[in-house]
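I have placed the structure first, in the form of structure tokens, so that the comments after it can refer back to it.
Here the structure is a predicted model, which is why all the values come from computation and not from measurement.
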Amino acid sequence: MGRLGALNDEMGQSVVLYLKDQHADFRPRRILDLGCTVGHSTLPYVDAFPDAEIFAIDVGAPVLRYAHARAESLGKRVHFSQQNAEHTNFEDGSFDLIVSHILLHETSSKAIRNIMQEGHRLLKPGGMILHQEVPQYEGMPAYDTFILDWDTYNNNEPFWGTIHSMDLEKLAEESGFAADNIMQLMIPSALERTTARTKKFQGGDFGGGGAWFIFGAKK
């Protein structure tokens, strides 16, 4: 409904903003977007890191065909391929940066573990994986968790409630990441107009809260 910007790319823009602000010296040369669908969130990385090769994968061939046509029409070069984020055909240590945008809650308890393990395999030493998601329920008022959990039962999101109650730090450690390198934080939205919103995650309006949750790690 226009809340993610004219190109629907606010999620990717927000991660880019975080990287520029908090990791100014980080210069990824190869970037992978997991579960890219039509590439809305992929393209901000093309502009932010013009010297990098950008790769994006999804299991759906139709969305990838559209993603490629859309990117080319916008003058953005991305290597799209049909692959499952749980098991890709890329070589070990292929990427400096791996990202996803509201992908993890669309998976399962088994798949999320495979995705984290695959991310660890694909990262170069010193590389970073960043999964952008809706905030975890821990520390959230009970009413807000109740409202957000509506999606679990009424919006065809069976894994929604499970992932937002998971021990993500344990998941990352079991996937090979050192405890000191794991991150869970809120990052601001890249859209300035979010300053006029409620800043509350309620009624399912997580995009309107002016911030996103990041779960990730450095290798």
Check whether more than 12 heavy atoms from other residues, nucleotides or ligands sit under 6.0 Å from atom CZ of Phe26, and answer yes or no. yes
Whether the side chain of Glu169 engages the backbone of Ile182 through a donor-acceptor N/O pair (distance < 3.5 Å, no angle test) should be reported. no
Given 3.5 Å as the limit, does a donor-acceptor pair link the side chain of Trp160 with the main chain of Leu148, or not? yes
Note: Leu34 and Ser100 closest approach over all heavy atoms is O-CB, 3.7 Å
Rounded to the nearest 0.5 Å, what's the gap from CG on Asp92 to CG on Leu123? Could you check? 11.0 Å
Ignoring hydrogens and geometry, is there a side-chain-to-backbone donor-acceptor pair from Ser81 to Ile57 under 3.5 Å? no
Tell me whether Met11 shares a hydrophobic cluster with Leu17, the cluster being built from Ile, Leu, Val, Met, Phe, Trp, Tyr side chains joined at under 4.5 Å. no
Closest non-hydrogen atom pair between Phe49 and Ile31, with its separation: CD1-CD1, 3.7 Å
Nearest heavy-atom contact between Ser165 and Gln136 is N-NE2, 4.1 Å
Counting N and O atoms only, with roles assigned by atom type, does the side chain of Thr152 sit under 3.5 Å from a partner on the main chain of Gly161, one being a donor and the other an acceptor? yes
I'd like to check Phe95 versus Lys219 (side-chain heavy atoms, cut-off strictly below 4.5 Å). Are they in contact? no
Joint hydrophobic cluster, Tyr66 plus Val59, side-chain heavy atoms closer than 4.5 Å: no
How far does OG of Ser189 sit from CH2 of Trp212, to the nearest 0.5 angstrom? 8.0 Å
Between the CD1 atom in Ile112 and the NE2 atom in His105, the distance rounded to the nearest 0.5 Å is 11.0 Å
Shortest non-hydrogen contact between Thr145 and Ala142, atoms and distance: OG1-O, 2.7 Å
More than 12 heavy atoms of other residues, nucleotides or ligands under 6.0 Å from NE2 of His120: is that the case? yes
Which distance, rounded to the nearest 0.5 Å, do you find between the CD1 of Ile214 and the CD of Gln184? 11.0 Å
Just jot down the ring-ring contact (aromatic ring centres under 6.0 Å, His included) partners of His131, sequence neighbours excluded, or say none. none
Across all chains, not counting sequence neighbours, the side-chain hydrogen bond (donor to acceptor under 3.5 Å, both in side chains) partners of Glu86 are Asn114
Quick one: side chain to side chain contact (heavy atoms under 4.5 Å, CB included) partners of Pro44, sequence neighbours excluded? Asp9, Gln13, Val16
Can you sort out the partners of Lys218 under side chain to side chain contact (heavy atoms under 4.5 Å, CB included), two or more places apart, ordered by chain and number? His23, Met128, Asn181, Met183
Salt bridge (Lys or Arg N to Asp or Glu O under 4.0 Å) partners of residues 69-82, not counting sequence neighbours, each pair once: Asp47-Lys76, Glu72-Arg77
Might you work through the side-chain contact (heavy atoms from CB on, under 4.5 Å) test for Leu19 and Leu97, ending with a clear yes or no? CA-CA 11 Å; Leu19 288 170; Leu97 175 64; 3.8 Å; yes
Common cluster, Tyr153/Met166, ILVMFWY with side-chain heavy-atom separation under 4.5 Å: no
Joint hydrophobic cluster, Trp150 plus Phe146, side-chain heavy atoms closer than 4.5 Å: no
Asp58 side-chain N/O to Gly60 backbone N/O, donor-acceptor pair under 3.5 Å: yes
Under a 3.5 Å distance rule, please check whether Glu133 uses its side chain to pair with a backbone N or O of Leu104 as donor and acceptor. yes
Sequence-distant partners of Glu118, side chain to side chain contact (heavy atoms under 4.5 Å, CB included), two or more places apart: Thr88, Arg121, Leu122
Only counting residues at least two apart or in another chain, list the ones meeting side-chain hydrogen bond (donor to acceptor under 3.5 Å, both in side chains) with Asn156. none
Tightest non-hydrogen contact, residues Ser14 and Ala190, listed as OG-N, 2.9 Å
Near-ring test Tyr45/His101, centroid separation under 6.0 angstrom: yes
Can you list everything that forms a side-chain hydrogen bond (donor to acceptor under 3.5 Å, both in side chains) with His40? Sequence neighbours excluded, please. Asn8
Co-membership, hydrophobic cluster, residues Leu74 and Leu64, 4.5 Å side-chain: yes
Excluding sequence neighbours, so at least two apart, what forms side chain to side chain contact (heavy atoms under 4.5 Å, CB included) with Glu138? none
Mind jotting down which residue pairs meet the salt bridge (Lys or Arg N to Asp or Glu O under 4.0 Å) criterion with at least one end in residues 100-113? Sequence neighbours excluded, please. none
How long is the straight-line distance from CD1 of Ile163 back to OH of Tyr137, given to the nearest 0.5 Å? 10.0 Å
Looking only at heavy atoms, which two atoms of Leu43 and Ala71 are closest? And how far apart? CD2-CB, 3.9 Å
What pairs meet the salt bridge (Lys or Arg N to Asp or Glu O under 4.0 Å) rule with one or both residues in residues 181-191, with sequence neighbours excluded? none
Here the salt bridge (Lys or Arg N to Asp or Glu O under 4.0 Å) pairs for residues 17-33, sequence neighbours left out, are Arg30-Glu53
To the closest 0.5 Å, what do you measure between OG (Ser108) and CD1 (Ile115)? 8.0 Å
